[in-house]
Colleague: 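Structure below; questions to follow.
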Amino acid sequence: MLYREAGQFKTSYAADQAVFPLREDRIGLAATLFAAFVLVPVFADDFFLSSIMIPFLIFACAAIGLNILTGYAGQLSLGTGAFMGVGAYAAYKLTSIFPETNIVLLVLVSGFFSAAIGIVFGLPSLRIKGLYLAVTTLAAQFFLEWCFIRIPWLYNYNSSGAIEVPQREAFGIIASGPAASALTRYFIVLAITLAVTVLMKNVIRGHIGRSWMMIRDMDIAAELIGIRPLYAKLSAFAVSSYICGLAGAMMVFFWLGAAEPSAFSISLSFQILFMAILGGLGSLMGSYFGAAFIWILPVVIRFAFPALGIDIGAETVQHLTFMIIGALIIFFLIAEPHGLARLWAIGKEKLRVWPFPYG
Amino acid sequence: MMLRKLAFGAACVALSGLAAGAVTQANAQDSIYVQLPTYRTGPYAGSGIPIANGMADYLTMLNERDGGIGGVKITFDECETGYDTQKGVECYEAAKANNTVVFNPWSTGITLQVIPKAAVDKIPILSMAYGLSAAAEGDVFPWVFNPPDTYWDGLSAIIKDIGEREGGLDNLKGKKIGYLFLDAGYGREPIPLLEQLAEKYGFAVTQYPVAGKEMQNQSSQWLNVRRDNPDYMIMWGWGAMNPTAVKEATKIRYPMDKFYGVWWAGGDDDARAGGAQAKGYRTLNFHGTGADYPALQDIKKLVVDAGKSQVEADKFGDNLYNRGVYNSILMAEAIRTAQEMTGKTAITAEDMRVGLENLNIDEARIKEIGLEGFMKPVKVTCENHSGHHQVYVQEWDGEKWVAASDWFAPMTDVVEPLLKQAAEDYVKSNAPWPERQAECATRS
């Protein structure tokens, strides 16, 4: 009733090709942005910002990165965690060398290092596909993790072997390090993640994104109609790794504040992969859904039990969280194998004809 | 179709759950809140569970027996970290939101994360005998405390004991010492000192790193140990790594009395894993084992027998359980000191820092809390937040830990300059590091 397109006429090609053709969608987007830029900063406390919103946005960004590669270009990757690590270590080294430079700029630049490494490890994708490719990206994961542990230059020869984020400024405001306020870090992460989303939405609608999807759907056919797999696959690896590297640098600089090599282990890769799969492969919206499901829901469950007055041990809550999240993952994937984004799309379809469904 | 509707329903419930969002918990004014980050799950749970039990039980006992500290109840809850740094940071944020007076990270990785935050958030960090060794430099790290000893004290104590057995440290020349360590911040921390000592005394060091995810598969490391055949082995292990190492050592018939562990490698279950052959395995310690102390008997009577503890009856008084108790003793005594110095009963985190900085548990006080012989006096000063306290070597007799040496001091003269150097390096690499803002508080 409220959500329908009747009466909305498109009178130009631009209107027809808009990202959000429906007025209701635009209103919804505006409301979400209003919530993200105004409501959250005004009402949220430090815990909500630093333990829920910032990691959620960073994981959403990483999931978008993986979604480019796995969801849109069809190249299964298990090396996300390591690519995030490359971004983090690159940003750390850059800021050690150029301490005066704007940290946001350095974080954005660090993605290029990750992209370069991603291209190198993407080369095997020209020959091998599917699960075999997953194994070579797994090799990237282990090799890069080994580098983070074994090359002391990367962590400035700290005796702890961890990278510790120093205090850095961006636009005259303290942006990283312990003195940076949660709000500043939230706005930086929000701005970067949104920029990545908008940019990717448009890249995917253009010829680059289409060439990725053609490669995904059938690489031989794509080749026959003039898509060059070399460019398509390697550009997917580069863009994906760039975004993952960005997310990794943000993770260390604007969320954790320090990281041991184990922070970028295979379990991080799987975490991001689950977010992408559960949210919906080949959907940017899904990346946000997946990140919310995997990151926010456990935190809420963990704090819901004490808030409801149920007095059980912290470890029992932990076990329960594992079980609930695990059961929900299975349930959602059985109900809709294409992920939460598909559920969302079906929901919108239904709403369009509600309350008088036909057909 | 039905399933899909259900899925919608579930999604809606989840969304509304998300909207309900942040939950904060109000604390009564007349209590002192301490959050205890613990790990009863995951690969490190074997070490984490006894510690969590010990910490909680001592505080419960104080509440039951004395009505808290200085007439104020201690409220505490656990936050499960799973030894995972991401979750640890989340626990820290939750602890901050609930106004904890002190934060015990119980993981070197989490400690490293929260050290820079401590000065900003004004929450003291108590990393008891773990974490960043350099944090002992109180002037650089006014908010971080690591009594009674640093890792470097521990390593120097092991070398000292080995030297003693060889008839003097000079006899270490030409010996080979193997170093088996968890390949994380924790295990790598002692390496600079080990290399320095090797140079000084002329022994060779071979390193055997064990990756965290392969803790339970150390056969390749021990194959190398068998090939290299070092005269002594030193282990820096934690969690599932310890019992695995002890088991592997017995399998290659490594002489167990030449196998040393730091205090964190000294769980009863760690040694028990090696069976009867593990007899002779030596680890450092800085407190007593067993339950033969009045305070521990109070815990038994008021907490364990009353069903308020999660500890299994036969694990009561285990080494790591007692270590949890020791951690709570430090907290409780610091709270008491803070109360005495500020005159307040419900102290704040900033008062707690003052309490920790003036912590002075002397023999008389140890006797008063009913722990005579359990521990040596602990004194923290403004400049030295660790203290290089005495330790002793204990030996596994197949059933339990028995003391194998007298209490002795670590090589303070070697460790001190190294700590200073490391603190300087830390400041340099973390520039701009804040100057000491918290004033050095002394008892007037």
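All chains are named by letter (A, B, ...) in the order of the sequence lines, taking the proteins before the strands, and each is independently numbered beginning at 1.
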Colleague: What part of A:E164 lies closer than 4.5 angstrom to a heavy atom of chain B: side chain, backbone, both or neither?
Modeller: both

Colleague: Name the member of B:D84, B:L112, B:D121 that forms the most heavy-atom pairs with chain A at distances under 4.5 Å.
Modeller: B:L112

Colleague: Which residues from residues 86-95 of chain B are near chain A, with near meaning under 4.5 Å between non-hydrogen atoms?
Modeller: B:Q86, B:K87, B:V89, B:E90, B:E93, B:A94

Colleague: Only counting residues at least two apart or in another chain, list the ones meeting side-chain contact (heavy atoms from CB on, under 4.5 Å) with B:N217.
Modeller: B:S219

Colleague: Rounded to the nearest 0.5 Å, how far apart are OH of A:Y157 and CG of B:D425?
Modeller: 13.0 Å

Colleague: Given a strict heavy-atom distance threshold of 4.5 Å, which part of A:W146 is in contact with chain B: side chain, backbone, both, or neither?
Modeller: neither

Colleague: Grab the two heavy atoms, one from B:G109 and one from A:E260, that are nearest each other, plus how far apart they are.
Modeller: CA-OE1, 3.5 Å

Colleague: Could you tell me the separation between the NZ atom of B:K428 and the CG atom of A:N156, rounded to the nearest 0.5 Å?
Modeller: 12.0 Å

Colleague: Can you tell which part of A:L333 gets under 4.5 Å to a heavy atom of chain B, answering side chain, backbone, both or neither?
Modeller: neither

Colleague: Which region of A:R342, side chain (C-beta onward) or backbone (N, CA, C, O), has a non-hydrogen atom less than 4.5 Å from a non-hydrogen atom of chain B, or is it both or neither?
Modeller: neither

Colleague: Test of understanding: with side-chain contact (heavy atoms from CB on, under 4.5 Å), list the residues that count as partners of B:A52, not counting sequence neighbours.
Modeller: B:T38, B:R40, B:E78

Colleague: Taking atom CZ of A:F43 as the centre, report whether more than 12 heavy atoms of other residues, nucleotides or ligands fall under 6.0 Å from it.
Modeller: no

Colleague: Once you round to the nearest 0.5 Å, how far does CD of B:E80 lie from OG1 of A:T321?
Modeller: 9.5 Å

Colleague: Listed by chain and number, what are the side-chain contact (heavy atoms from CB on, under 4.5 Å) partners of A:M285, not counting sequence neighbours?
Modeller: A:S283, A:F289, A:W344

Colleague: Going from CG on B:D183 to CD1 on A:I149, what distance comes out if it is rounded to the nearest 0.5 angstrom?
Modeller: 5.0 Å

